[in-house]
Amino acid sequence: MAAVAVALIAFSTACAGGDGESPSAASDSSSATISGSGVQAVVEAANAFSNSLTDEQKSLALLDLTQQDAVAWSNLPCGQSCRGGVPLEDLDDDQAALAETLLKTAIGTDKAGYTRVEALRTADDYLAELQSSGQGGGPGSAPSGASGAPSGGPPSGQMPSGGPMPSGGQMPSGGGGGGLGGYGAGLYDLALLGDPSANGTWMLHFGGHHLAINFTYKNGQVSGASPYFVGVEPTSFTGDDGTQYAPMEDMADAVKAVTAGLSTEQLGQAKLKDSFTDVLLGPGEDGQFPETKQGVQVSTLNDAQKQAVLAAMRTWVGVADDSTAQSMMSTYESELDSTYISYSGGTDLTEQGDYFRIDGPSVWIEFVCQNGVVVQNQVHYHTIWRDHTRDYGGEFSF
Amino acid sequence: MTVVAAAVFLALLPGAPTWAHPMPNSIMQLDVLSDSLTAELQIPVDDLSIASGVELRRVDANDVLTRRATDLQDYLARHLAVTTTDGRLWIVKVGQLHLGEAEQTATGPYREVIAHATWTPPAGADIRRFVVAADLVVHEVVTHSIVVTIHNDWGAGEVAHDGAGTQIGIIAEDTRTMNLEPLMIELDRASTWRGFTAMVHLGTEHIASGTDHLLFLLVLLLPAPLIAVGGRWRGAVSTKRTIIRMTRITLAFTLGHSLTLALSALGRLQLPATPIEVFISLSILIGAVHALRPLFPGREALTAGLFGLVHGMAFSFTLAELGLTTSQLILSLLGFNLGIELMQLGVVLLTLPSLVVLSRTNWYRPVRVLGALCAALASIGWILARVGVPNPVATLADQAGQSGIVVVIGLAVLAALAFAWQKRGGGDANGSSAEHTTPTSAPSSDMGTAARIGDI
């Protein structure tokens, strides 16, 4: 009896990942082989990562699971003033490898998953290069053309009170670009909220400029893979090695396929009278879903049109790990008849104000074109995927 | 037209952190006058073009603005409704429009339209409780927001120092209802006391940041312990005499600037800013030269008084901006001047002892010369900057002015060191250096000798 008890205790300690003991994941970090599967694998990777951090890094990356910390994310290049987590650039090679393993385990495997995340970070390096070589506009840079010099100093970068703010770690006082964090692939922050465990409730946050990934885990399941903000500037570019990048072109194409497949009458029903120059429900707008759905109801569409809507959704939902994405899509498919699609501006997604929305009982997706900030002669994309009930795993009420 | 509109607003309303809006928001700055409200509106060109139908996202935006000014003014007037709490409309008037440049957090630089509007309440309505039903731009661009601030409200002690003022609300779409909630404003209760104390505070701040005014006074104090002989500064008068002279100079300056401050403010004179500011920098230059070689020995107090007359005109600019009633103005004048004098007194009290102590030592000459040269350099930089030639000297001088306290402390430290050095016999107590020849007569007749030489 005692032997069974001891064995059980040993087994559960091993599963919980222990203190100071590197789980098997760490020893194979470079080849990213994880023992176990699904959430168990993510937990192991998360613990391997957190165990590798110094105390100072831990104060940034390991946060409490509170509403204040959970909603502290942004799409702006505001560094650590608007989001929690340890910046990737602060990690040494081993820690960075563990971080990468964690992200690859948690995020989906196909083009809608980790591939897109890497491409977005490359885009940010591209923006940083543009700014430093004087070719781009944007915060803290000189304006292009325009009569008269702009106002003097950069915005003061004061800490607003009352808005979402991460509670852990230090708030840095400055950084490049007028009090903001600036652009760069290393300026993406990784945080764990709560205690990663196989059966507990905890969150994974990863984000920076134009990116916010918020995964919630509960009882061994992914209880929420949203809010997921994803945007990109510029929409396409050539990397240093000659590779062509267009990190969100599949999403834009999928959206255009939906509107292109609608009849004139359906387009008329789908058109919103309001204009949009950003997503409606960005950071800080948790729970503020419109009470009335607008646009054309998907139940009135034919099968091909419905498939186009689902294909579009998949480009966002694919950020979650493959099995979670699959079950999310099943849910959204079952709710298609009560889902509405709408748009504003144009359907080409080339002008500021071109906007598209999917609004279902659960799913909420927005895609909008905004004028360039750094590359000022073209639009850039802002999009968000939310879920009416599963944002932050439904842990908080707004 | 260049407008400084860089501001990070405190997110006072839950759920609306400013970093959620990388498209710049509009700003509505309210000034509360005695019987009306004025607003300065700063509206980003992009969203305004979409909402108003007047396309300003073009290189020739200025021409478009001139041609379509009436259309835009009509648009703004229609979307700037203010009502009483029971729904009666205030009268809206929209004035001239012009274009400016601005930048907000993470937006990069952008162009904006700047408009001034006046709201007059209907008869009998409370000017301090009203509903801003304005929906400009937001009625169309539902992701836009308007930040409303109180810029000037004398009675509530709100006197804008710089920037947009105190935020009191945000006009934005409620995304749940997709409706715009009107903004109910209840201003703090007004009182003369609050207005008065705000003006005292403004006065202290104004002169604390008014490096040029203080520098003028200090540069005139530099030769106060000295006697002019044969076109050079020589000798030193007694401590008592020094203090008396410094007091007279300070008083004369105070009288001079108080007089013109009162006259310009009460007379609501429209004075040209640039010539006055150039003159002030010139006054510093003259004072600095005088501290090196006596130009008007014994007449420092007179000079302080005369030049002070011009300094006072500059002070009146601050009051002119506030749009006050006459009774408010009189109180403001008293308060503002009181603030100025209190701060000035503080600065003089802090530096006077150091100067006096230093003047008893043979360190005084280098201090005086260095001080005068720095002041001269700063004044030349400022003169050039004010006539439109920006230069690094002016910028450096402005920055140095921000850390004036460092200079004050530095002087005190120097004085202490010089005093200790002197005590140790580092210099001949009877003064072998030119600066240090004390009159050989007894202290009681110092006044006599010095009076004859130094106080014509």
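Chain A is the first sequence line, chain B the second, and so forth, proteins listed ahead of strands; every chain is numbered from 1.
Only the side chain of A:N371 comes within contact range of chain B, judged by heavy atoms closer than 4.5 Å. The part of A:L281 that comes within reach of chain B is its side chain, from C-beta onward, which places non-hydrogen atoms under 4.5 angstrom from that chain. If you measure heavy-atom distances from A:F289 to chain B, the contacts under 4.5 Å come from the backbone alone.
Between A:C369 and A:E351, every side-chain heavy-atom pair lies at or beyond the 4.5 Å cut-off.
Listed by chain and residue number, B:H144 satisfy the side-chain hydrogen bond (donor to acceptor under 3.5 Å, both in side chains) test with B:S26 (two or more places apart in sequence, or in another chain). With sequence neighbours excluded, the residues satisfying ring-ring contact (aromatic ring centres under 6.0 Å, His included) with A:Y126 are A:F237.
If you tally non-hydrogen atom pairs under 4.5 Å between each of A:G287, A:S344, A:G345 and chain B, the highest count goes to A:G287. Highest contact tally toward chain A, considering only B:R57, B:H139, B:E140, is held by B:E140 [criterion: heavy-atom pairs under 4.5 Å].
Less than 6.0 angstrom separates the ring centroid of A:F229 from the ring centroid of A:H382.
Here A:Y355 contributes atom OH and A:L280 contributes atom CG; the two are 5.5 Å apart, rounded to the nearest 0.5 Å.
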